[in-house]
Amino acid sequence: MMMRSQHGANKFGYLQFDSLSSPFTPKLTCINFNATHKIPTFSLPNHTILHRVLQRCGVSMDLRTATKTHARLVVLGFAAYPSLVAALISTYAHCHQPHIALRVFSNVSCLFNMNLVIQSLLKAGQCDLAKKVFVKMPVRDVVTWNSMIGGYVKSSRLLDALSLFRRMLSAQVEPDGFTFASVATACARLGALCNAKWVHELMVQKRVELNYILSAALIDMYAKCGRIDVSRQVFEEVVRDHVSVWNAMIGGLAIHGLAVDATGVFSRMEMESVLPDSVTFIGILTACSHCGLVEEGRKYFDMMQNRYMIQPQLEHYGTLVDLLGRAGRVEEAYAVIKVMPMEPDVVIWRALLSACRIYRKKELGEVSVANISRLESGDFVLLSNMYCSLKSWDSAERVRQIMKMGCVRKNRGKSWIELGDRIYQFNAADQSHAEMKSIYRVLGGLIKKAKLGGFTPLTDLVLMDVSEEEKEENLMFHSEKLALAYGVLKSSPGTKIRISKNLRICLDCHNWIKIVSKILNREIIVRDRVRFHQFEGGVCSCSDYW
């Protein structure tokens, strides 16, 4: 390795090695000289330390230190480490030097290392940067495509994942089991049934061998796309010797509110000598929670510990608190929290807060809020709604003022509907769609018919400082109502309408869709953040318990 004098220059600028130390850079120490060649030998710092240095440079946008660290990597022979190349690319991008970032990648010649760089960027959540690197790659193999598709799925960029999968097929790259596992997960999380069917057909066409991962992914996919009947069919046809397959079936039945079916699958699991794991019991407890089966839920919670020696984790306690809270046994839920062997997390306190809002338990609701270290918009909304339900207008107004002062905005409701192989998304009070005039015309007509059918808007759900007419208008523009109106506009009479939503469906929309299903004589399926609601003939599969 050839060294220049401290006044010499290289392509990274003028460097004085003894001046490179900073609070973030490891010191380079000369420990001896080779007597024959007079080449300095250095004690090499661990490359993970240099990785952290670059991460800090990216956060602080310290281009000067980043450049010096880059030079040091080259000198020390670490410039080919994929994780460090990824860190350099990320750091230069954060420092607004994208041309340098891509030049760093252009020096990586081995496809294996290129793939590792992509994976490192995706692991760090740098999807956009990984995409730029992906585009610059002169050659890509199935691992490259799988990495990008999987990265998009993990970052919840589900439409991007499906779009990239189509590009992969167009590029004549043969997908494998890993590809289909990621794509099936994307379809499941989107609730995109048409895409799900297409993906499954491709798997059959390409004779992809089902292992337990793919079997579980297919069961989960159809369940989350609203076709629990197909999930059952897949479950009966695949090899069921792995617990993941059973967990997928139990979890699918749980989100459809089919608790008795879920416990029946659990009994079959025991008969077929497949040992349940901690995930199995989360599914069973969730199923009980959605149906108010308190004693059944307690039985399985005890069975987990006593028969199967599985120690309950935070998720199990959270599901038990949710089970008790939904059933109105709020004080019991709080008692569980107090005796937990570990510190309750924010999810558990929010479950209690949600129950306090439903059952108007003001004091315990305030206890829940006091234990949430960092309140988010949903917490404020739950607290405000609880006060509104108790007619405590001053308290509700105080919460609203706190939100204003802290610039806290309510999470915006989003709903999406799949028509053909395309997915159309709507935000609350959306005005962006090209056919919005037609959508609002259909929606207005449905609301009028629903009122004639006995529907009364629940204006208590809206903050009280506006007129009743304005409150009704606020409720009218919820995202699921817009998505439903678009579904009615674009689909044939009598066909099922399937909608997905990012939040829990509100009581007003729930009551309205029940009546609309009766007026239109159509089945309307809504998947909210928690579970499925199947509306038909004026009733919902959840029996108004969610």
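- Tyr222 and His200 share a donor-acceptor pair across their side chains, judged by distance under 3.5 Å alone.
- A 4.5 Å side-chain heavy-atom check between Met203 and Leu218 finds at least one atom pair inside the cut-off.
- The closest side-chain donor-acceptor pair between Asp277 and Thr280 falls under 3.5 angstrom.
- No side-chain donor-acceptor contact under 3.5 Å links Ser147 to the backbone of Gln119.
- Ring planes of Phe532 and His256: parallel class, angle under 30° (limits at 30 and 60°).
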Can you give me every donor-acceptor pair (side chain of residues 281-288, partner residue at least two apart or in another chain, under 3.5 Å) with its distance?
| residue | atom | partner | partner atom | Å |
| --- | --- | --- | --- | --- |
| Thr286 | OG1 | Ile282 | O | 2.7 |

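- Here Phe165 and Phe180 bring their ring centres to under 6.0 angstrom of each other.
- Screening Arg498, Lys496, Lys514, Lys518 for a salt bridge (charged side-chain N to carboxylate O under 4.0 Å, His left out) with Glu523, the sole residue that qualifies is Lys496.
- Ser491 and Arg522 share a side-chain donor-acceptor pair at under 3.5 Å.
- The local environment of CD in Glu209 is sparse, with at most 12 non-hydrogen atoms from other residues, nucleotides or ligands closer than 6.0 Å.
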Return a table of donor-acceptor pairs under 3.5 angstrom between the side chains of residues 440-449 and protein atoms on other chains or two or more places apart.
| residue | atom | partner | partner atom | Å |
| --- | --- | --- | --- | --- |
| Tyr440 | OH | Asp430 | O | 2.7 |
| Tyr440 | OH | Gln431 | NE2 | 3.4 |

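- Contact annotation: the side chain of Trp145 never approaches that of Thr179 to less than 4.5 Å [non-hydrogen atoms, C-beta and beyond].
- A donor-acceptor pair under 3.5 Å is absent between the side-chain atoms of Arg268 and the main chain of Gly264, judged by distance alone.
- The side chain to side chain contact (heavy atoms under 4.5 Å, CB included) with Phe178 is formed by just one residue from the set Ile149, Ile213, Asn146; it is Asn146.
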Would you be so kind as to tabulate the donor-acceptor pairs closer than 3.5 Å made by side chains of residues 125-142, with sequence neighbours excluded?
| residue | atom | partner | partner atom | Å |
| --- | --- | --- | --- | --- |
| Gln126 | NE2 | Ser90 | OG | 3.4 |
| Asp128 | OD1 | Arg157 | NH1 | 2.8 |
| Asp128 | OD1 | Arg157 | NH2 | 3.1 |
| Arg140 | NE | Phe134 | O | 3.0 |
| Arg140 | NH2 | Phe134 | O | 3.2 |
| Arg140 | NH2 | Val135 | O | 3.4 |
| Asp141 | OD1 | Asn115 | ND2 | 3.2 |
| Asp141 | OD1 | Val143 | N | 3.2 |
| Asp141 | OD1 | Thr144 | N | 3.0 |
| Asp141 | OD1 | Thr144 | OG1 | 2.8 |

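- For Asp229, the CG atom sits in a packed shell: over 12 heavy atoms of surrounding residues, nucleotides or ligands are nearer than 6.0 Å.
- Partner of Lys501 under the side-chain hydrogen bond (donor to acceptor under 3.5 Å, both in side chains) criterion, out of His533, Glu480, His478: Glu480 alone.
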